[in-house]
Every structure is written in structure tokens, then in C-alpha cells.
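One structure below.
Keep in mind the model is a prediction, meaning the values are calculated, not measured. Sequence positions, counted from 1, serve as the residue numbers for this chain.
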Amino acid sequence: VQLQASGGGLVQAGGSLRLSCAASGTIFSVLGWYRQAPGKQRDMVAGISSDGTTNYADNVKGRFTISRDNTKNTVYLQMDSLKPEDTAVYYCKGVYWHWDYWGQGTLVTVSS
């Protein structure tokens, strides 16, 4: 079972980035994105279930959109109107039964 995240980078405030996370080895019931800024805990950003139900952290609602392509077993995070406070390492997570699987992080840096 593996989750491979990509798409991070450096962007100016107000810009956009799209993160991708390709899953392999199993079909996850829930896929999600978390982030961890330096010196802070890892927080949930967005999640999506296999039926397409989504949920978002309050501080990204209206700016971020999570989606998944079940044919490719991939989850995406479209991030618009980025702010410097969105700077963090972003991790994807897959839930299979009661097990959590994490991908490696991808760094997103938003400059002011």
C-alpha cells in the first residue's frame, strides 16, 4: 500500500497550486489532505469519501477543492487564493477499514 503525493512548490499569495496523491495497493474508503506548518501540529485540510462526500477545515472553505478519480485511485487538492499562512508540508492520508496510511509530504510555500 502506497500513497505518493506531488505538486507542491513556491507560489505567490493569491496564486494557485494543485496537489495530487496517487494511491496504490488498495482502494481507500476515505482520502484526505493534512498539513503541518513548522512548529505546529498536523491538521486536517480536506477529506473525501468514496461516494464523493467532502469536508473541509473552516480556514480553507471556499478556497480549496478536494476531488478524487476512482479510476486512477488518485485524490487531488486544488488550492486557490493561497495565503502565506497556507505554507506547510501537505500530506495525503488514506483510510482502509480502521487503518490509516500516510504518503510522504509535499512542501507548499506561499510568499507574501
### Task
Sort and list the pairs that fulfil ring-ring contact (aromatic ring centres under 6.0 Å, His included) and have at least one residue in residues 9-46, not counting sequence neighbours.
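ring-ring contact (aromatic ring centres under 6.0 Å, His included) check on residues 9-46 returns F28-Y101, Y34-W102.
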
### Message
Show every salt bridge (Lys or Arg N to Asp or Glu O under 4.0 Å) that has at least one partner inside residues 34-44, sequence neighbours left out.
### Response
R35-D86

Test of understanding: clusters of I, L, V, M, F, W, Y form through side-chain heavy atoms closer than 4.5 Å, transitively. Do [X] and [Y] belong to the same one?
X: Y91; Y: I48; answer: no
X: I66; Y: V95; answer: no
X: V30; Y: L77; answer: no

Report yes if some heavy atom in the side chain of [X] is under 4.5 Å from a heavy atom in the side chain of [Y]; otherwise report no.
X: Q104; Y: L3; result: no
X: Y96; Y: V1; result: no
X: M79; Y: R18; result: no
X: K83; Y: R63; result: yes
X: S50; Y: R68; result: yes
X: T106; Y: V89; result: no
X: Y56; Y: T65; result: yes
X: F64; Y: L82; result: yes

### Query
Taking only residues two or more places apart in sequence or in another chain, which ones pass ring-ring contact (aromatic ring centres under 6.0 Å, His included) with Y76?
none

### T71 side chain to D69 backbone, donor-acceptor under 3.5 Å
no

### Query
Is a side-chain N or O of N73 found less than 3.5 angstrom from the main chain of T26, in a donor-acceptor match?
yes

### Query
Can you tell me how far the CG atom of N70 sits from the CD1 atom of I27, to the nearest 0.5 Å?
7.0 Å

### Task
Kindly compute the distance separating NZ (K72) from OG (S24), expressed to the nearest 0.5 Å.
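Answer rounded to 0.5 Å: 15.5 Å.
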
### Atom of A37, atom of T87 and distance for their closest heavy-atom approach
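The pair with the smallest heavy-atom distance is CB-O, 3.8 Å.
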
### Heavy-atom pair with the smallest gap, counting every atom of A13 and S112
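Smallest interatomic distance, heavy atoms only, reads CB-CA, 4.3 Å.
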
### Message
Evaluate S16 against Q78 for side chain to side chain contact (heavy atoms under 4.5 Å, CB included), listing each step before the verdict.
### Response
CA-CA 7 Å; S16 299; Q78 177 66 40; 3.9 Å; yes

